[in-house]
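Scroll down for the structure; my scribbles are underneath it.
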Amino acid sequence: MFKIPVSGILLGASKVSTKMFVPSIGLHVSAPMKLKEIHANKVGGKLIIEGAFVPSPRKDHLIQNNNECCPLCSLGLDVKHTDVLILSQFVRSDGCMMPRRVTGLCKTQQKRMSKLVSMAHKAGLMCDLAPANSKKDPSKRKLWKKYNTYYDESTIKVYESHFKTIKDNIILDYMKSKNPEN
Amino acid sequence: MSQLGRVKQWNTFARCWHLFDAAWQNPLECSPTIEKYLKGLNKPIYHPLVDCGDHVVVINSKQIAFPGEEWRRRAYFHHTGYSGGATWTPAWELHDRDPTMIFRKAVYHHMKGNLFRRVVMERLHIFSDSNVPEEVMENITNQIPPLRSIPKTLSSYSKEEIEKYPKIIDYPEDFILSKN
């Protein structure tokens, strides 16, 4: 993905070719939906291009997290695959799950949420969040996919090895405390 | 006799008609509940030889739900009687042909196999959608509550509701929401 340095860019633009600003490259002169906007101003013979911050649309309704844990762990919610208002927060406009560096969740919760999101998609609960060419009505899907399905959240298995290492570490610590000489 | 007691007695001795909405309900889970009303197990005068069962009208049987991969894993067996006449049909294929069949089979197979079973099944009326004939609809006096809550889709919420719902995470500073 294209990234801009935090401080604004200044370019002596008279020499810069216009090819750089063709949308196919991924650099845009302005975009209303970005958290960061690129402004281009012409002052005299110079073109000044700068990246400016835009306030986040979620700023007013954000739950503050003062914990060390990830935002979901600290809330202690039992999220089901039918809770589309929560799950849609971790999803892009085309319905795909956002990566961990964007969501900021812990490994376990990220894995769990991605499974719940796929469950909600299969159950046809988040039809609006889908690629433009998809059939949004779940009853128009093929074969068995057109019928209503629900899912059991207890079937989600996340990071069994992760929990196993934690368990092993606890046992090792206990053994060490028993025999401090070894 | 009090007024309530009198109505209770009417309901016990009359043949009541119950409505059940099968949208998003698992037929295998509902069958014990529906059997209770069909046989009259909820009545104090119940006896296997007393004909005290009620009618149950099931609507929206096309919208029944199954868990996980049940739609393709569940197979319905049929044998024509001739050699090589056995067939195993997946649940979704059977539902394509007749949207009331799975529900009827679920209730039928849940009941104990005896001579009364076919008689009791005659009181079960299943409709694939909500278009019920008026002569059936005018008898109905009671609705059986759904066992499963119907999940709400994201499009059923208004745009304001989605925006004002408490947010758990915020976007990072250099995040691009959409590529135009």
Side-chain angles (χ1 to χ4, degrees), chain A residues 1-4 6 23 26 28 31-36 51 53 56-63 65 70-72 75 77 80-82 84-90 92-94 98 101-105 120 123-129 136 138 143-152 155, chain B residues 22-29 60-75 89-96 99 102 128-129 147-180:
Chain A
M1 193 187 285
F2 173 70
K3 270 190 179 180
I4 314 153
V6 178
H28 309 286
M33 283 297 282
K34 285 173 188 173
L35 282 190
K36 242 188 148 184
F53 289 112
S56 166
R58 295 185 177 183
K59 202 181 174 185
D60 300 335
H61 306 287
L62 188 70
I63 301 169
N65 178 28
C70 78
L72 255 177
L75 283 171
L77 295 172
K80 300 272 163 64
H81 77 283
T82 49
V84 281
L85 284 175
I86 294 174
L87 293 178
S88 60
Q89 296 176 21
F90 306 113
R92 290 212 181 89
S93 60
D94 65 342
M98 291 196 291
R101 69 185 151 77
V102 176
T103 56
L105 300 175
L125 303 178
M126 295 202 296
C127 299
D128 289 356
L129 302 173
K136 299 209 168 175
L143 309 178
W144 59 85
K145 294 167 199 164
K146 64 195 161 208
Y147 295 125
N148 292 342
T149 40
Y150 64 91
Y151 292 91
D152 185 7
T155 56
Chain B
W24 284 96
Q25 307 298 315
N26 186 347
L28 309 171
E29 284 177 1
N60 293 331
S61 77
K62 198 175 185 179
Q63 295 177 40
I64 54 168
F66 269 131
E69 297 179 335
E70 197 86 350
W71 277 114
R72 37 182 175 149
R73 292 284 170 85
R74 188 167 199 82
T89 317
W92 66 271
E93 236 176 277
L94 188 71
H95 207 55
D96 272 348
I102 287 178
S128 61
D129 46 12
L147 303 177
R148 247 170 207 295
S149 58
I150 297 171
K152 278 184 101 177
T153 56
L154 193 63
S155 51
S156 67
Y157 295 101
S158 68
K159 205 175 178 183
E160 261 194 21
E161 263 180 313
I162 296 170
E163 273 178 12
K164 286 190 177 176
Y165 194 79
K167 297 287 184 288
I168 292 169
I169 55 156
D170 200 358
Y171 299 115
E173 284 180 340
D174 57 350
F175 184 71
I176 300 172
L177 272 172
S178 68
K179 280 187 180 178
N180 297 324

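Hydrogens, waters and symmetry mates are skipped; everything else that's a heavy atom, side chains included, is used. By convention in this document, chain letters (A, B, ...) are assigned in the order of the sequence lines, proteins followed by strands, and residues within each chain are numbered from 1.
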Using the test salt bridge (Lys or Arg N to Asp or Glu O under 4.0 Å), find all partners of A:K80 that sit at least two apart in sequence or belong to another chain.
A:D78

For chain B, the option from A:D152, A:L77, A:I63 that forms the most heavy-atom pairs under 4.5 Å:
A:I63

Report the residues that fulfil side-chain contact (heavy atoms from CB on, under 4.5 Å) with B:W92, sequence neighbours left out, ordered by chain and then residue number.
A:L143, A:W144, A:Y147, B:W71, B:R72, B:P90, B:D96

Considering residues, nucleotides and ligands other than B:R148, do more than 12 of their heavy atoms fall under 6.0 Å from its CZ?
yes

Could you tell me which residues satisfy salt bridge (Lys or Arg N to Asp or Glu O under 4.0 Å) with B:R74, sequence neighbours excluded, listed by chain and number?
B:E70

Does B:K164 NZ have over 12 foreign heavy atoms under 6.0 Å away?
no

Counting heavy-atom pairs under 4.5 Å with chain B, the top scorer among A:V84, A:L105, A:T82, A:L62 is A:L62

Measure from the side-chain N and O atoms of B:Q25 to the backbone N and O of B:A23, and report whether any donor-acceptor pair falls under 3.5 Å.
yes

Answer whether the closest heavy-atom distance between the side chains of A:S88 and A:M126 falls below 4.5 Å.
yes

So which bits of residues 153-160 of chain B come within less than 4.5 Å of chain A, counting non-hydrogen atoms only?
B:T153, B:L154, B:S155, B:Y157

Side chain, backbone, both or neither of A:K146 within contact of chain B (heavy atoms, under 4.5 Å)
side chain

